[in-house]
Amino acid sequence: MPATSPSSDLILHRLASSDCEIKLKAIREVKNQIIGNRTKKLSYIKLGAVPVLAAVLAGADANSIPGSSLVVQSAAALGSFACGVDAGVRAVLDAGAFPHLIRLLSAADDKCDLTTFLLILVTMVTARATLLAIVVRATRLRSNAVCGVVDAAARSLRMIYQSKLAPKYDFYKEQDMGFLLSLLKSGNENLTGLGASIVIHSCETSDEQNILCHAGALEKFISLLDGSLSQRDSSLESIAAILKDNPEVVSKFVDLQSRRALSSIIELTKDRYSQTRLLASLCLICVKNSSSCYLQDTGIETKLINILLELLDDSGKVGDNACFAFSSLVAEKDVQKLAFEANAIDKFNSHLQNCALHPKRLEGIFLALASLCSKLECCRSKFLSLQVLNILVDALTYDDANVRTAACICLKNVSRSIKNLSAGYFTNERIITTLVQLLSDRSTSVQVAALGAISNLVIDFTPQKLKFMQCGGIKELVQLTKSMDSSLRLNAVWALRNMVFLADKICKEKVFLELTVSSVASLICDPEPSVQEQALALVRNLVDGCIDCVEYAFAEDGIILDAVGRQLQKSSKIEIGIQGMYLLSNIACGNESHKEAVMQLLFSEAENGSHSFFSQFLLSNDSLLRLSALWVIVNLTFPSSPGAFGRIVKLRSVGIVSQIKKMVNDPCMDVKLRARQALGQIITYGDN
């Protein structure tokens, strides 16, 4: 009869035994059963095995060898639970095991120091060789036990720090920073690996990167590049985390060891191991994205493109991560051109034809293609010529939210082309209906990405706008403008702004009625300045056109126009001023009552002439703000307007005409031309 494994319930009962040998054997059995077995892990988590193991660490007596064996096996089992399964990490953290694992590392030095002290003491007080031999043997046993505990705890903590659920490490506390540096300086590979895992997991802000840089972490990781394969790879990943998007730290890194550190990493891009080549490439991408001048003489960009395209053929994590690295590498137009010439789009397309792609790989490919198509028309045309669009549309309904997000981002960048939009590539009703459905997706990132794609598809093209309205898209967008999430509000308003851009009266009317006047006014006064800016741009597009459209700003006693005036008076954000000025410029294209309303808003009794916000806009250092303000003047003083003379008199009295005279020689050509146009209209009625 074949042997059967003990039932989970029986093992759990033995885990709670007071007999150390029984408990130890049960812990080993649990550990062996769950290694690489997700189902078993979840089963034992449900049965409550993790708190039992955590209790062993909490009550462990590390001064006895049997006790240390229990600690080692318990720590190892906890690490196995945490390895690759977020539910396991959560269970370990909820059981309170994390501080006990840290404590085991912190206590290791004290135990070793005590052992050494006892050895010296016995050597001093006895000359009997037999006693000395016994003590030496006991010391070695104790030292091995302590090292076993430290290694097991370190390995378990590394498993925890591979998860996003791991606690954020506090680099700002001197004590914690000292502990991290002690890990990196130790000769123990598990401890240095743990230190690297902490940095990779928790180093996210520029301040944290600067702290690690000033503490000498970069130098330590550079020295570990000569260590084992594990130390080398974890060090490279840590270096990338410290360098990412931080020009100051990158500058200091490049100068390390008279640029020898940089040369070492360039050399590692030729390593025999694919993971090492990938991580070295990531470090160089961080350097390149900070400032291309550091690598301009090495032709490294083309080399990195070829390395990453080659790594795509790796069927595992290296190939998956190579896609994300490629996406970061080709963010700029010049590198996109090099990638295009290296046939990168063909390479990614050939991988997309594989129906069995892992979700991570699929996500990475779409993000890489999105980056490639973000700026160059030749890349977008190549993408569309390869018939990849059908695969992309299929991915919009993929089970994995990250894939859906990446597909939306890719669609947004591919459709960033008037030529391709007008050619009808995106008139497929399935694209529009699917994107509308994604506006109700359970993932916020998917919703935001879908909004970005919709913003491109509905701009300036009636067929797409009509299909979008027929699918109920406007109602969905308006609903998202009321979201508590500012990113959803922002992108929903942005999509509506594009929806009404150069739209016919029917489209504008539908959007305006669905939004309601009060909601528009509320969006203009939104707590987020970026939402305010897009709301003003939305109204700017709404009132652009016929007289009836201008009337939108005056609905319900003009509460929208009142909101515009309040924001222009108090906002310090230049972009809000620009959108507000163009909004008023469009209103000033209306009839006399519309023009007078603009004058009242700009030069009310509360506004003090040369100190008014409008006067300050004309004096702004930002040429776009000066230009937008001048457009208001041009439309207010158009010679054929019956009330133009009265408005010019008012403009003279508050000092605006004097300011315009000074702007006819503005350093910005557009501002200069518009100032001369405005002044020409004004002096039609005389120069006094």
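Only heavy atoms go into these numbers, but all of them, side chains included; no hydrogens, no water, no symmetry mates.
- For Ile506, the CD1 atom is loosely surrounded, since the number of other residues' heavy atoms within 6.0 Å does not exceed 12.
- Remark: Lys164 NZ is loosely packed, at most 12 non-hydrogen atoms of other residues, nucleotides or ligands lying under 6.0 Å away.
- By the ring-ring contact (aromatic ring centres under 6.0 Å, His included) test, Phe554 pairs with His594, sequence neighbours left out.
- Side chain of Asn635 to main chain of Ser585: a donor-acceptor pair is present (N/O by atom type, distance under 3.5 Å, no hydrogens or angles).
- Closest approach of Cys203 and Gln209 over heavy atoms only: SG-CG, 3.5 Å.
- Here the closest non-hydrogen pair linking Glu204 and Glu208 is N-OE1, 2.9 Å.
- Using a distance-only test at 3.5 Å, with no hydrogens or angles considered, a donor-acceptor pair links the side chain of Asn456 to the main chain of Lys412.
- At least one donor-acceptor pair closer than 3.5 Å links the side chain of Gln336 to the backbone N or O of Val330.
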May I have the step-by-step check of side chain to side chain donor-acceptor pair (under 3.5 Å) for Asn210 and Asn246, ending in yes or no?
-> CA-CA 9 Å; Asn210 292 335; Asn246 193 321; 3.2 Å; yes

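- Smallest separation of non-hydrogen atoms from Leu396 and Cys408: CD2-SG, 3.7 Å.
- Asn498 places no side-chain N or O within donor-acceptor distance of the main-chain N or O of Ile459, the cut-off being under 3.5 Å.
- In this structure Ser443 satisfies the side chain to side chain donor-acceptor pair (under 3.5 Å) test together with Ser445, sequence neighbours excluded.
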Just do the salt bridge (charged side-chain N to carboxylate O under 4.0 Å, His left out) check on Glu533 and Lys573 with the steps written out, would you?
-> CA-CA 9 Å; Glu533 177 191 348; Lys573 188 177 180 185; 3.4 Å; yes

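- Checking side-chain atoms of Arg489 against main-chain N and O of Ser483 turns up a donor-acceptor pair under 3.5 Å.
- Counting heavy atoms of neighbouring residues, nucleotides and ligands inside a 6.0 Å radius, atom NZ of Lys508 exceeds 12 of them.
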Could you walk me through whether Ser290 and Asp245 pass the side chain to side chain donor-acceptor pair (under 3.5 Å) test, one step at a time?
-> CA-CA 6 Å; Ser290 171; Asp245 300 327; over 6 Å; no

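- The distance from atom CD of Gln479 to atom OG of Ser440, rounded to the nearest 0.5 Å, is 9.0 Å.
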Just do the salt bridge (charged side-chain N to carboxylate O under 4.0 Å, His left out) check on Lys510 and Glu514 with the steps written out, would you?
-> CA-CA 6 Å; Lys510 188 170 180 61; Glu514 193 71 49; 5.2 Å; no

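- Only one option out of Asn491, Val520, Leu523 pairs with Thr481 in a side-chain contact (heavy atoms from CB on, under 4.5 Å); it is Leu523.
- Here Phe468 pairs with nothing under the ring-ring contact (aromatic ring centres under 6.0 Å, His included) rule; sequence neighbours left out.
- Scanning for ring-ring contact (aromatic ring centres under 6.0 Å, His included) contacts around Phe326 gives Phe348, with sequence neighbours left out.
- The ring-ring contact (aromatic ring centres under 6.0 Å, His included) test applied to Phe324 returns no partner, not counting sequence neighbours.
- The aromatic rings of Tyr552 and Phe512 lie tilted to each other, with the angle between the two planes from 30° to 60°.
- Proximity of a side-chain donor or acceptor of Gln569 to a complementary backbone N or O of Phe613 within less than 3.5 Å is not detected.
- Rounded to the nearest 0.5 Å, atoms CG (Leu636) and CD (Glu596) are 8.5 Å apart.
- Contact of the Asn289 side chain with the Ser328 side chain is registered, since non-hydrogen atoms from C-beta on lie closer than 4.5 Å.
- Pairing each heavy atom of Val634 with each of Ala678, the nearest pair is CG2-CB, 3.9 Å.
- Distance check: Thr433 OG1 to Leu438 CG gives 9.5 Å after rounding to the nearest 0.5 Å.
- Going from atom CD of Gln447 over to atom CD1 of Ile454 covers 10.5 Å, rounded to the nearest 0.5 Å.
- One finds the CG atom of Leu243 at 12.0 Å from the CD1 atom of Ile285 (value rounded to the nearest 0.5 Å).
- Ion pairing between Glu377 and Arg380 holds under the 4.0 Å rule for side-chain N and carboxylate O.
- Shown here for Leu392 and Cys410, the closest heavy-atom pair between the two residues is CD1-CB, 3.8 Å.
- In terms of heavy-atom proximity, Leu457 sits nearest to Ile431 at CD1-CG2, 3.9 Å.
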Step by step, would you call Glu332 with Lys288 a salt bridge (charged side-chain N to carboxylate O under 4.0 Å, His left out)?
-> CA-CA 11 Å; Glu332 298 303 323; Lys288 178 259 169 196; over 6 Å; no

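- For the residue pair Ser571 / Gln532, no side-chain donor-acceptor distance below 3.5 Å is found, with atom types taken as modelled.
- Note: Asn413 CG to Ser371 OG = 7.0 Å, rounded to the nearest 0.5 Å.
- Looking only at atom types and distance, the side chain of Ser519 has a donor-acceptor partner in the side chain of Thr516 under 3.5 Å away.
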List the steps and the verdict of side chain to side chain donor-acceptor pair (under 3.5 Å) for Asp207 and Thr205.
-> CA-CA 5 Å; Asp207 285 343; Thr205 69; 5.3 Å; no

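- Pairs of residues two or more places apart, or lying in two chains, that qualify as salt bridge (charged side-chain N to carboxylate O under 4.0 Å, His left out) and include a residue from residues 666-680 are Arg626-Asp666.
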